[in-house]
Protein chains: 2
Amino acid sequence: MKEPRIHAPPVGVAVDVAVFTVREGRLEVLLLRMTRPPFEGKWCLPGGRIRHDETVEAAAERELVEKTGLSGLWLEQLYTFSDPARDPQARCVSVAHLALVPPDVSLRTDDKYSAIGWFPAERPPSLAFDHRAILSYAVKRLRAKLEYTNVAYALLPEQFTLGELQRAYEAILGRALDTRNFQRKVRAIDLVEETGELRTGQAHRPGRLFRFRVRRPVEIAVLT
Amino acid sequence: MKEPRIHAPPVGVAVDVAVFTVREGRLEVLLLRMTRPPFEGKWCLPGGRIRHDETVEAAAERELVEKTGLSGLWLEQLYTFSDPARDPQARCVSVAHLALVPPDVSLRTDDKYSAIGWFPAERPPSLAFDHRAILSYAVKRLRAKLEYTNVAYALLPEQFTLGELQRAYEAILGRALDTRNFQRKVRAIDLVEETGELRTGQAHRPGRLFRFRVRRPVEIAVLT
DNA sequence: GCAAAAGTGTTGTCGGTACACCCATGC
DNA sequence: GCATGGGTGTACCGACAACACTTTTGC
């Protein structure tokens, strides 16, 4: 009934972030290579301990800046993973986060971290800790949010064609969509607006360029 | 860039639980009265620190048993609240949980806690910490889950009439539903099955009694 | 017999899905 | 001129919302 150990060592609080992007029609996640035991050589999601004067969301943003150079991206809290065995070295819960970036960002690869890179979100390499479970959960949540919010704005560049938007949706949802229905629906709910410009340079007929009408998180019904 | 304080005091991990029930057509939440400063006399959600050998969900269940006598209820993790100022006494993040009980459970009121009771979830008394925000978030999530899952089974007794089920839905959603459409939909998706008995004793025509077909969390479409 | 809750059917509308063709450009 | 992705219109179908009356019991 009473606490068994009065002065037990503290339970730590960390954050981890699953950062996604869509490139070449594929959903990809950002991973770092670990350099120290016990997970030497394995890959992991960026993250770290939180500080006293910040929320977990702020910690997630700070860790991303420090470890990857990414800033100002779309980010939200996901779930707290707390299996006592999740970290073999220290008792530590992890508040997992989901983040999205457009495909044209550049990573800072110069510093102490041995390697950093984008990997297929559906078939990642072997991951440290419980990061495989975190990644699976993040993909699931992203799929769900895509259906009833406008989060896609955080995954695409400022301007894009409807074909590019559709391919981003297809990459995340993992299934093909009907172009005619997709375009009609996207326009019906005023998700995007024309910029007046055309995508030239590629072969074939140039597509009209669009931008998102609102570039902050909003609930909006699209696509069952 | 580097950690400012190498040996900063640890950030604690606690859990809090918003326990709901529906009684007399109203959504109610379980609150405890605090006995110690700085929130003496205010009410709070049940909760406490986690231990080293348990997940946050297990900690939530354990705290509920210790503080309220409730056990074996429906429970899920909600969100982690981490404002550095949320607890004026100790730096501590709280992993909030949502729990549901049927209206006929009894609370243990005998021990050290000065008071415990059910309050209207929409108009609670003055709450300690950030528990008002946690409660609001929990109500929002409960409403959402009611729409696409069968969680209502955790709020109703073993047997109930369709009228009672509808009133529970109306209490949580905060709006009236059409009886004919409600009954048709509930039966169409095989949410419930007849027990063959009737609700007698009240005045007026007795209703048939039903039970939920499955009494574990399942996704099922009901009610826009 | 009357008050009150239980229970049942039909119709119109809207949104979703399925589907085929013409258009504009680069090569 | 042809291959390729861009872009548009229609028809069917199912789900949902709106709506009124009969039934059964306790008092």
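Within every chain, numbering begins at 1; the chains are lettered A, B, ... in the order of the sequence lines, protein sequences first and strands thereafter.
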Student: Do B:His97 and B:Val95 touch side chain to side chain, with heavy atoms closer than 4.5 Å?
Tutor: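 Yes, close enough: below the 4.5 Å cut-off.
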
Student: Apply salt bridge (Lys or Arg N to Asp or Glu O under 4.0 Å) to A:Glu158 and list each qualifying residue two or more places apart in sequence or on a separate chain.
Tutor: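 Only A:Arg211 meet the salt bridge (Lys or Arg N to Asp or Glu O under 4.0 Å) criterion with A:Glu158.
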
Student: Salt bridge or not for A:Arg26 and A:Glu28, using N-O below 4.0 Å?
Tutor: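 Answer for the salt bridge query: yes.
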
Student: Whole-Å distance between C:dA24 P and A:Gln202 CD?
Tutor: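 One finds 18 Å between P of C:dA24 and CD of A:Gln202, rounded.
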
Student: Mapping B:Ala221 and A:Arg167 onto DNA chain D by nearest heavy atom, which one lands closer to the 5' end?
Tutor: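 That would be A:Arg167.
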
Student: Which parts of residues 171-180 of chain B get close to DNA chain D, meaning a heavy atom less than 4.0 angstrom away?
Tutor: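 Within residues 171-180 of chain B, the residues near DNA chain D are B:Asp178, B:Arg180.
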
Student: Among B:Phe119, B:Trp118, B:Phe129, exactly one meets ring-ring contact (aromatic ring centres under 6.0 Å, His included) together with B:Trp43. Which residue is that?
Tutor: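 The residue from B:Phe119, B:Trp118, B:Phe129 that satisfies ring-ring contact (aromatic ring centres under 6.0 Å, His included) with B:Trp43 turns out to be B:Phe119.
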
Student: If you fit an axis to the five pairs at each end of the helix from C:dG1-D:dC27 to C:dC27-D:dG1, how big is the angle between those two axes, to 10 degrees?
Tutor: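 Computed angle between terminal axes is 0°.
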
Student: Could you check whether A:Arg86 pairs with A:Asp16 (Lys NZ or Arg NE/NH1/NH2 to Asp/Glu carboxylate O, under 4.0 Å)?
Tutor: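 Salt bridge present between A:Arg86 and A:Asp16.
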
Student: Which of these nucleotides, C:dA6, C:dT17, C:dG9, is closest to any side-chain atom of A:Asn181?
Tutor: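 Among the listed nucleotides, the one closest to the side chain of A:Asn181 is C:dT17.
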
Student: For A:Arg33 and A:Gly41, which heavy atoms make the closest approach, and how far apart are they?
Tutor: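 The answer is NH1-O, 3.6 Å.
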
Student: Nearest-Å distance, CD (B:Gln166) to C1' (C:dA6)?
Tutor: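 From B:Gln166 CD to C:dA6 C1': 11 Å.
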
Student: State whether A:Glu122 and A:Arg143 are salt-bridged, where the test is any N-O pair (Lys NZ or Arg NE/NH1/NH2 against Asp/Glu carboxylate O) under 4.0 Å.
Tutor: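 Salt bridge present between A:Glu122 and A:Arg143.
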
Student: Name the residue closer to the 5' end of DNA chain C, choosing between B:Leu162 and A:Ala203 according to the nucleotide with the nearest heavy atom.
Tutor: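 Here B:Leu162 is the residue nearer the 5' end.
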
Student: In this structure, which one of A:Leu30, A:Leu142, A:Val101 forms a side-chain contact (heavy atoms from CB on, under 4.5 Å) with A:Phe20?
Tutor: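 The residue from A:Leu30, A:Leu142, A:Val101 that satisfies side-chain contact (heavy atoms from CB on, under 4.5 Å) with A:Phe20 turns out to be A:Leu142.
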
Student: Could you identify which residues of residues 183-200 of chain B place a heavy atom less than 4.0 Å from some atom of DNA chain C, listed by residue number, or say none?
Tutor: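 Only B:Gln183, B:Arg184, B:Arg187 qualify.
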
Student: Check whether any side-chain N or O of A:Lys145 sits under 3.5 Å from a backbone N or O of A:Val151 as a donor-acceptor pair, and report yes or no.
Tutor: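 Not at all, since once roles are kept as given, no pair shorter than 3.5 Å links the two residues.
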
Student: Quick check for you: to the nearest 0.5 Å, what is the distance between B:Gln159 atom CD and B:Thr195 atom OG1?
Tutor: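 If I round to the nearest 0.5 Å, the distance is 4.0 Å.
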
Student: Between A:Glu170 and A:Arg175, is there a salt bridge with N-O shorter than 4.0 Å?
Tutor: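 Looking at A:Arg175 and A:Glu170, the cut-off is not met.
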
Student: Nearest whole Å is fine: how far is C:dG7 P from B:Phe210 CZ?
Tutor: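 In whole Å, C:dG7 P lies 6 Å from B:Phe210 CZ.
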
Student: What N/O pairs connect the protein and nucleotides 22-24 of chain D at under 3.5 Å? Give each pair on its own line.
Tutor:
{"from": "D:dT23", "atom 1": "O2", "to": "B:Arg205", "atom 2": "NH1", "distance (Å)": "2.7"}

Student: B:Leu100 and side-chain contact (heavy atoms from CB on, under 4.5 Å): which partner among B:Leu155, B:Val22, B:Leu73, B:Leu75?
Tutor: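 Exactly one pass, corresponding to B:Leu155.
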
Student: Does any pair with a residue in residues 182-217 of chain A pass ring-ring contact (aromatic ring centres under 6.0 Å, His included), and if so which ones, sequence neighbours excluded?
Tutor: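 Counting only pairs at least two positions apart or across chains, the ring-ring contact (aromatic ring centres under 6.0 Å, His included) contacts touching residues 182-217 of chain A are A:Phe160-A:Phe212, A:Tyr169-A:Phe182.
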
